[in-house]
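In what follows, every heavy atom counts, from backbone to side chain, and hydrogens, waters and symmetry copies are set aside. Residue numbers start from 1 in every chain, and the chains themselves are labelled A, B, ... in the order their sequence lines are given, proteins ahead of strands.
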There are 4 protein chains.
Amino acid sequence: MTKVELMTQAVAQMREHLTMPEWSVSEKIVLAAHILHSHGHGSGLAGQITARADHSSHFLTQRIGQGLDEIRLSDLLTVDEELRVLKGSGMPNPANRFHAWIYREHPEVTCIIHTHALHVSAWSMLGHPLEIAHMDTCVLFDDISFLPTWPGVPIGDGEGELISKALAGKRALLLAHHGLLTACCSVEEACIVALQIERAAQLQLLASPVGECQKITPELGKEAHDWLLCESRVQATFYYYARKALHEFPSLLM
Amino acid sequence: MTKVELMTQAVAQMREHLTMPEWSVSEKIVLAAHILHSHGHGSGLAGQITARADHSSHFLTQRIGQGLDEIRLSDLLTVDEELRVLKGSGMPNPANRFHAWIYREHPEVTCIIHTHALHVSAWSMLGHPLEIAHMDTCVLFDDISFLPTWPGVPIGDGEGELISKALAGKRALLLAHHGLLTACCSVEEACIVALQIERAAQLQLLASPVGECQKITPELGKEAHDWLLCESRVQATFYYYARKALHEFPSLLM
Amino acid sequence: MTKVELMTQAVAQMREHLTMPEWSVSEKIVLAAHILHSHGHGSGLAGQITARADHSSHFLTQRIGQGLDEIRLSDLLTVDEELRVLKGSGMPNPANRFHAWIYREHPEVTCIIHTHALHVSAWSMLGHPLEIAHMDTCVLFDDISFLPTWPGVPIGDGEGELISKALAGKRALLLAHHGLLTACCSVEEACIVALQIERAAQLQLLASPVGECQKITPELGKEAHDWLLCESRVQATFYYYARKALHEFPSLLM
Amino acid sequence: MTKVELMTQAVAQMREHLTMPEWSVSEKIVLAAHILHSHGHGSGLAGQITARADHSSHFLTQRIGQGLDEIRLSDLLTVDEELRVLKGSGMPNPANRFHAWIYREHPEVTCIIHTHALHVSAWSMLGHPLEIAHMDTCVLFDDISFLPTWPGVPIGDGEGELISKALAGKRALLLAHHGLLTACCSVEEACIVALQIERAAQLQLLASPVGECQKITPELGKEAHDWLLCESRVQATFYYYARKALHEFPSLLM
């Protein structure tokens, strides 16, 4: 069989063999927050994961004052575009404001993750986009934008507009002097892509002081991108990390 | 609403929503010591956290011979400017002597933290001040001094005078060949600022071998500085880390 | 006694003193997977350890969808060269296809380990072979090849052929933009050599930004290589790590 | 008081206030092995800690095949200069041979520690001595030699002679392509100095890719060296780490 035939066959088989529990969006948010925290995405109270509620531009978000590792189902709020609380009690993070801009202008996006992961934060100070030079990080191949301008603390509408535009139809965005953003069609994908941005930044920071990274062939980068992002693979990877989170915190979803 | 209006509104809301238990200064010292230790600030017996006692130049400090992770309420001593023990039993660290100089000459300072955190220690050997090039580390924007001279082990009065002067009205100080210092108006703030110095040093050490860090706009750096240091945010961040410390060591404050 | 006499005597003594439980190949696979994971070789669902079954070109492998830290005896499948399952239930990782090529063309190989360990992944982006400049990493001295071409996701036969050839009679292989491979005559050896590749990459990434690594004398490198790979030493080292894995997960082999 | 007077007073006070349990040499070996392991000095079966037995050139050592974290009192052997076992059962590590050379030629030495700690190993490949540029690492100021030649696996007498000479009256030695060595008058000191060599290497590896480290004033380096190595300070630091080891492994000394 040719490689394309083998890949097609594998994708079909994975769809059959790789299944995941039917978690609700809220449950996936809680799991994703813990997965991100255990991969170095926490930094104090910074870091947000939101998901569109009911196909509107309302969205689910955590209360301010919690670390990613603290979020439980009962901590989730539903807010409108002005961050007014529709369901739940507590105050949303005012730095969530730019999420509203993205949900409004990118109808395909259902989950946004934003963190100040360590290596992404370091890379973000350099003024360069991330280079994608490893097979695993090909989930980002030609699928991550770069916003070289830091508009300051993202509390206002100007920052929302700027960030939303900078996405430019990609799944991911590197924010100079700030952190990472993923805007995807599922919590699982937003989470897995976010993990790979941090991994890509770590790999780049390790390798770059030694020498220049070699480019990968664009066709193979694209092939790997599509392979790694096929839905059953993304779900299987998310499920793996979710099992670990549930093993560490058995009451996570209660 | 303009960004300024949104920020003002958010500060007011945070004051309402973000509350912290009413811990005593001694309790906050114990919590801060554990928070610092869990963020890589421990290095053997080095590292001190002191707090002014009763608006005098007397201060609370730990006994010598303990790591930051060992300090409990019963280990705190009250000492005078000559490090003579007024309350509690044990010997204070003779390297605390320069704290007395700071309390005497900076009446607004109520808490001093000094550690030899790993990345700060590494950066401190290079002879450069820290650059502030990430949103989170803007708590230090235009608010950290640099003492390029190492006066030796800080046991004498000469070192105290030198270090106290080098603060120059800032919240923080980088000590060449030595470590970091924060001198703030609350234990919470001294702790949060100390964490960000180590984070800033780590980010800088990761990024600098790759290339030069891009400068951030001074106005936005100042805006982020004030936003990040608003009292309710500082307390909420301290409270988050304190919850983690208490979760790990439930008898910490007993 | 001369050094050679002392070494010969030591090898004889080690054969007597260093013994290991008589684990089955399946048990060693499970142990090796956990040892690798605890040394930073995990990266999501990537990473495979396989072993030849019954002197044929059939081999044992884990089910797709599991991390290295999850593999238990009941998860192992026996597959043929086309990855068809002969024993056990589940789907093998389609990226295992190149293992079949190696088993077919290298009859002495009985175990293959392939991981995307962090430092190896970073080094693999640079386009250079690994330099062996430390005594411990001499297990790789003149015994690791480099495949500078990345053929894309290794699902097809072309990749299998390329990787199998690139081994060129060595125990180990560095795969550009991808990871590491060991192909050895025992699970223990494949595991120990894999650990040293990651260690070598980490050492190199730490040292290279400072300056050029000094070469070691080829004769001494070869001497250390043979000393470190003597069977009782390899088994004793594997046994040490296995004890730690079993201590952490007492039910690992149940 | 002058600085010298204050230091003299502090040394006297520390002698009174900083006490340590009266552990036997064997107990201190076990504690030191665990302390070293928890500070990144383990690397497979490499790493040895030995102590002179009864003022002879016989010495205590662990059995081969154990990691630093596994050593218990019942695992210690007494061996003679030819590594023949006088007390206990098991085989000593043949790479301990050079210890006999040091005990014979340096009568003041009562404890030797040798490890392949990660950062020391990386630095050891560069061909440079360690620079001492931080207050804490001044325990090594003018007190660490460098052996730029790697004589191969240290099983023979040639290596013993070479290493013993390279010490040159210092407490510590950096071995090219290999690791670190401390040869001191107590287990506590050998352990504390070993920890600082690894710390010094880590600091240097972090800082050097950014720029050149600034030199410290020799007089102040010497002053800090003597201050940090005063016996009660060394014991208090060892005791701190020992408490942590005993807290983690309460049955360590049983």
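Using a 4.5 Å heavy-atom cutoff, the side chains of B/Val120 and B/Leu174 are in contact. The shortest distance between side-chain heavy atoms of A/Leu175 and A/Leu180 does not fall below 4.5 Å. Contact of the B/Val139 side chain with the B/Ile132 side chain is not registered, since no non-hydrogen atoms from C-beta on lie closer than 4.5 Å. Residues A/Leu162 and A/Phe98 are not in side-chain contact: their nearest non-hydrogen atoms beyond the backbone lie 4.5 Å or more apart. Side-chain contact between A/Val193 and A/Leu140 is present, with heavy atoms from C-beta onward closer than 4.5 Å.
Using a 4.5 Å cut-off between heavy atoms, B/Met1 contacts chain A through its backbone alone, with no side-chain atom that close. A/Leu206 does not touch chain B: none of its heavy atoms, backbone or side chain, sits under 4.5 Å away. A/Pro151 touches chain B through its backbone: at least one of N, CA, C or O sits under 4.5 Å from a heavy atom, while the side chain does not. Heavy atoms closer than 4.5 Å to chain A are found in both the backbone and the side chain of B/Leu6.
Among the candidates B/Gly211, B/Ala133, B/Ala224, B/Ala236, the residue making the largest number of heavy-atom pairs closer than 4.5 Å to chain A is B/Ala133. Interface remark: of the candidates A/Ile64, A/Leu126, A/Leu83, A/Leu126 forms the most heavy-atom pairs closer than 4.5 Å to chain B.
In this structure, B/Phe141 CZ and B/Leu220 CG are separated by 9.0 Å, a value rounded to the nearest 0.5 Å.
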Using distance alone, with no hydrogens and no angle check, list the donor-acceptor pairs under 3.5 Å between chain B and chain A.
unit_1	atom_1	unit_2	atom_2	d
B/Lys3	NZ	A/Val153	O	2.8
B/Lys3	NZ	A/Glu159	OE1	3.3
B/Ala133	O	A/His177	ND1	2.7
B/His134	NE2	A/Ser121	OG	3.2
B/His134	NE2	A/His178	O	2.8
B/Met135	N	A/His177	O	3.0
B/Asp136	OD1	A/His116	ND1	3.0
B/Asp136	OD2	A/Ser43	OG	3.4
B/Asp136	OD2	A/His116	ND1	2.8
B/Arg199	NH2	A/His116	O	2.9
B/Gln214	N	A/Met125	O	2.8
B/Tyr240	OH	A/Asp69	OD1	2.6
B/Tyr241	OH	A/Gly44	N	3.1
B/Arg243	NE	A/Glu70	OE2	2.7
B/Arg243	NH2	A/Gly65	O	3.0
B/Arg243	NH2	A/Glu70	OE1	2.6
B/Arg243	NH2	A/Glu70	OE2	3.3
B/Lys244	NZ	A/Asp69	OD2	2.4

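For A/Ile102 against A/Ala183, the heavy-atom pair with the smallest separation is CG2-CB, 4.3 Å. Smallest separation of non-hydrogen atoms from A/Leu195 and A/Leu36: CD2-CD2, 3.9 Å.
A/Val25 meets the side-chain contact (heavy atoms from CB on, under 4.5 Å) test with A/Ile29, A/Ala51, A/Leu60, A/Val187; sequence neighbours excluded.
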